[in-house]
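First up is the structure itself, then whatever we jot down about it.
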Amino acid sequence: MIRTLYLRGRIAQVAPQVAVDLIVWAIAVPLAVWLRFEFRIPAANNLGIVVVMAATLLLQVVFGLLFSLYRGRYSYGSFDEVVGLTSTVAATAVAVGVPMLFWGPLVGAPRSTMLIATPIAFVAMAASRYLKRLALERGQRPGEHAHATLVYGAGAVGSQLVRSMRTDPESAFRAVGIVDDAPQLRGAIRHGVPVLGSLEDLEDVVERTDATHLVVAIARADAAFLRQVNDRAMQCGLQVLVMPPFSDVLAGRRQVKDLRSISIEDIVGRHPVDTDVASIAGYLRGRRVLVTGAGGSIGAELCRQVADWEPSELIMLDRDESALQQVQLLVHGHGLLSTPEVVLADIRDAETIVSLFRERQPEVVFHAAALKHLPMLEQYPAEAWKTNVVGSLNVLRAAEAAGVETFVNISTDKAANPTSVLGHSKRVAERLTASFADSTKMRYLSVRFGNVLGSRGSMVPTFASLIDAGGPLTVTHPDITRYFMSIPEACQLVIQAGAIGSPAEVLILDMGEPVRILDIAKRMISMSGKRIEIVFTGLRPHEKLHEDLVSVDEAAQSMVHPKISHATVPPLAPEDLDRQRWDSHWRREHSADVAHEQTEVLGSATAPIGPLFVNGLPVR
């Protein structure tokens with residue numbers, strides 16, 4: 001029954017076009033004879049015309065079905081349909097025309113009939129399809145309610161976006177022009193929309209089109225380029241939109257028309273990354289992968305990207321049950337919390353972690369669990385020791401006991417030339433990882449990078465909240481800078497690093513040029529359209545004015561991936577850790593900070609506090 005209804009629907013869909021094609025042949029054949037005999041048809045040729053016409057109509061249907069022209073598989077007026085039409089008409093012309101060379105005069109039809117009729121028929125059939133496509137597209141165009149929109153980029157991505165806009169009656173955007181910096185493309189047409197000029201001509205183009213929005217349709221637009229476009233567009237009163245990542249479009253997670261407003265993450269931290277697919281697939285596909293801190297910003301994105309590489313099992317571990325539910329929703333599309341891929345556990349609990357590793361036998365581990373807020377850990381350095389040092393040691397020992405082959409410790413730029421509790425605790429974790437690489441002879445390594453934009457509790461969401469509240473917006477120092485990268489790109493490089501790193505190495509991600517925090521604050525205020533005051537509060541204890549990615553005693557160099565540098569850190573054996581020395585050191589530092597709080601000048605806290613010794617070994 002269902003199949004019968006389906007066939008009826010298909011027949012109803014193609015029947016009008018079949019009828020048009022047959023009518024075209026019915027006109028083209030006698031017209032060809034009429035032209036052949038100089039605008040008259042001898043009565044003796046009527047029977048021959050009828051025979052030729054009948055054969056042509058029959059073969060047109062047969063070959064149309066054979067070449068799928070009449071199976072409803074092609075979009076109207078598409079290149080694929082033109083190919084199918086060409087094949088059908090050519091086959092029909094040959095099948096009828098060749099016999100006519102021998103027997104045409106016998107049935108009273110000129111030998112040249114098909115030679116004349118075929119181009120007439122083909123042009124008429126193609127024109128009917130093109131006119132139908134124009135009618136359909138005109139009926140599907142967005143209404144006047146849609147925003148007049150310029151598309152930046154006349155390449156394949158821009159062309160696809162223009163076509164999507166012009167064939168979606170529900171679209172909120174109506175393409176009125178294209179902007180492209182290539183001089184040879186000026187005046188080019190993409191799906192009926194002209195290229196009107198370059199970015200330098202944007203003001204004139206806006207005046208001509210009354211556009212209110214500009215969509216950047218460049219597949220690999222970096223932060224510098226987006227800043228330039230955004231600044232120029234704001235001068236012209238345009239709202240800038242960006243497309244979803246092209247990888248999401250290709251994977252089917254998003255559509256080209258899923259546009260969003262440009263964000264601070266786009267114009268500060270967007271770094272296109274080339275991924276070595278083969279190397280990643282080799283160590284993740286079909287393997288058991290465990291991610292600690294899976295509920296955090298970095299951990300959740302790591303889980304999402306790792307899942308794309310089809311591991312045999314993805315184990316997501318966190319001590320926050322709500323965060324685990326969110327990452328389960330992100331990766332698996334549900335938040336049941338009743339399936340074995342989510343594990344509620346604390347890395348501080350050595351017994352539980354060892355038991356988990358023994359039972360689940362992970363082969364690859366991404367260790368992202370950590371306390372990360374510098375001023376909070378300055379107040380509570382013991383918590384940094386428990387989580388970032390002892391917690392990391394617990395995971396390393398469990399990994400060693402379970403025979404984990406690849407262990408990637410997520411570190412921070414604050415571990416380079418450390419001055420803070422956070423920096424020192426993460427430096428210890430790097431050195432512990434190097435020690436276990438020596439003892440296991442497996443690929444145990446660390447990956448070090450700076451701030452990630454948009455992570456929970458980080459600067460950008462904090463600034464956004466302050467702006468929404470009406471300000472003021474607080475910045476520690478007018479000259480303070482930080483390295484930034486978006487979460488997806490940072491995680492992509494972390495996964496890549498796990499494929500190319502060697503045991504005991506620290507892999508350092510290329511974060512581009514450091515960005516001044518004040519510039520980000522001003523840009524976010526400008527994008528909000530509000531008048532917000534900026535207040536400078538002074539550097540916090542042990543906070544650097546400028547972060548480092550590489551320590552003074554490290555020699556980092558790129559060897560495999562252009563955005564990943566390799567360095568080494570001295571190993572630190574677990575038996576050399578000394579909790580009492582750690583506590584006494586940070587108590588002294590905290591007391592000194594309080595005593596001098598009123599007398600410190602702005603920026604004096606950038607000076608290093610000196611090496612922190614653990615059982616006589618310098619942590620730095």
Side-chain angles (χ1 to χ4, degrees), residues 222-224 226-235 237-242 260-271 296-298 371-379 412-414 419-423 449-490 511-547 593 597-598 600-606:
D222 61 17
L226 289 174
R227 281 197 299 270
Q228 179 186 5
V229 173
N230 187 63
D231 291 344
R232 182 70 173 156
M234 289 180 66
Q235 293 173 5
L238 292 173
Q239 181 178 344
V240 180
L241 305 170
V242 294
R260 60 173 176 80
S261 297
I262 194 169
S263 66
I264 193 68
E265 288 88 348
D266 295 309
I267 57 181
V268 173
R270 188 171 177 137
H271 300 276
S297 303
I298 290 293
L371 297 177
K372 64 178 183 178
H373 288 284
L374 185 148
M376 182 66 73
L377 296 185
E378 289 297 318
Q379 294 188 70
T412 170
D413 56 355
K414 293 171 177 60
T419 61
S420 62
V421 173
L422 172 59
F449 53 91
N451 297 40
V452 288
L453 290 160
S455 63
R456 188 172 59 183
S458 64
M459 179 196 70
V460 170
T462 302
F463 279 4
S465 298
L466 292 173
I467 291 172
D468 289 342
L473 200 154
T474 55
V475 178
T476 56
H477 192 286
D479 296 322
I480 191 170
T481 63
R482 289 293 181 264
Y483 291 97
F484 289 100
M485 181 176 282
S486 72
I487 295 174
E489 285 139 359
M511 304 290 293
E513 295 298 319
V515 180
R516 202 165 65 133
I517 302 299
L518 180 60
D519 292 339
I520 295 179
K522 290 180 177 178
R523 189 174 288 275
M524 290 184 68
I525 292 172
S526 176
M527 292 172 67
S528 74
K530 299 180 179 180
R531 296 179 62 88
I532 304 292
E533 180 186 6
I534 296 177
V535 175
F536 296 104
T537 59
L539 290 178
R540 295 164 293 191
H542 301 143
E543 185 176 31
K544 295 180 183 178
L545 193 61
H546 309 291
E547 293 288 2
D593 290 334
E597 187 177 12
Q598 302 301 322
E600 282 185 344
V601 296
L602 196 64
S604 64
T606 60

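If you're wondering where the values come from, they're calculated on a predicted model, not measured in any experiment.
- Annotation for Ala490 and Val452: closest pair CB-CG1, 3.9 Å, computed over non-hydrogen atoms.
- Contact of the Glu547 side chain with the Thr412 side chain is not registered, since no non-hydrogen atoms from C-beta on lie closer than 4.5 Å.
- Proximity of Pro514 to His546: side-chain heavy atoms (C-beta onward) are nowhere separated by under 4.5 Å.
- In this structure, Ile532 CD1 and Leu473 CG are separated by 7.5 Å, a value rounded to the nearest 0.5 Å.
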Tell me, with the steps shown, if Lys522 and Ile534 meet side chain to side chain contact (heavy atoms under 4.5 Å, CB included).
CA-CA 8 Å; Lys522 290 180 177 178; Ile534 296 177; 4.0 Å; yes
When you look at Phe484 and Ile264, which way does the side chain to side chain contact (heavy atoms under 4.5 Å, CB included) test go after all the steps?
CA-CA 11 Å; Phe484 289 100; Ile264 193 68; over 6 Å; no
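- How far OG1 of Thr476 is from CZ of Arg540: 6.0 Å, rounded to the nearest 0.5 Å.
- Between Leu545 and His477, the closest side-chain pair of non-hydrogen atoms falls below 4.5 Å.
- Between Glu543 and Arg482, at least one side-chain N (NZ, or NE/NH1/NH2) sits under 4.0 Å from a carboxylate O, which counts as a salt bridge.
- The shortest distance between side-chain heavy atoms of Arg516 and Asp479 falls below 4.5 Å.
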Take Met524 and Val460 through the side chain to side chain contact (heavy atoms under 4.5 Å, CB included) test and state the conclusion after the steps.
CA-CA 9 Å; Met524 290 184 68; Val460 170; 4.0 Å; yes
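- Checked by atom type, the side-chain pair His542/Thr419 shows no donor-acceptor distance below 3.5 Å.
- Here the CG-CD1 distance, from Asn451 to Ile520, works out to 8.5 Å after rounding to the nearest 0.5 Å.
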Derivation of the side chain to side chain contact (heavy atoms under 4.5 Å, CB included) call for Lys530 and Ile525
CA-CA 6 Å; Lys530 299 180 179 180; Ile525 292 172; 5.6 Å; no
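- For the pair Val535 and Pro472, the tightest heavy-atom approach, listed with the atom from each and the gap, is CG2-CB, 3.7 Å.
- Using a 4.5 Å heavy-atom threshold, the side chains of Val475 and Met459 count as separate.
- Nearest heavy-atom pair across Ala233 and Val240 is CB-CG2, 3.3 Å.
- The structure places CG of Leu241 at 9.0 Å from CD1 of Ile262, a figure rounded to the nearest 0.5 Å.
- The closest side-chain heavy-atom distance from Ile480 to Phe536 is not below 4.5 Å.
- In this structure, Ser526 OG and Asp231 CG are separated by 8.0 Å, a value rounded to the nearest 0.5 Å.
- Remark: Arg523 CZ to Leu518 CG distance equals 12.0 Å, nearest 0.5 Å.
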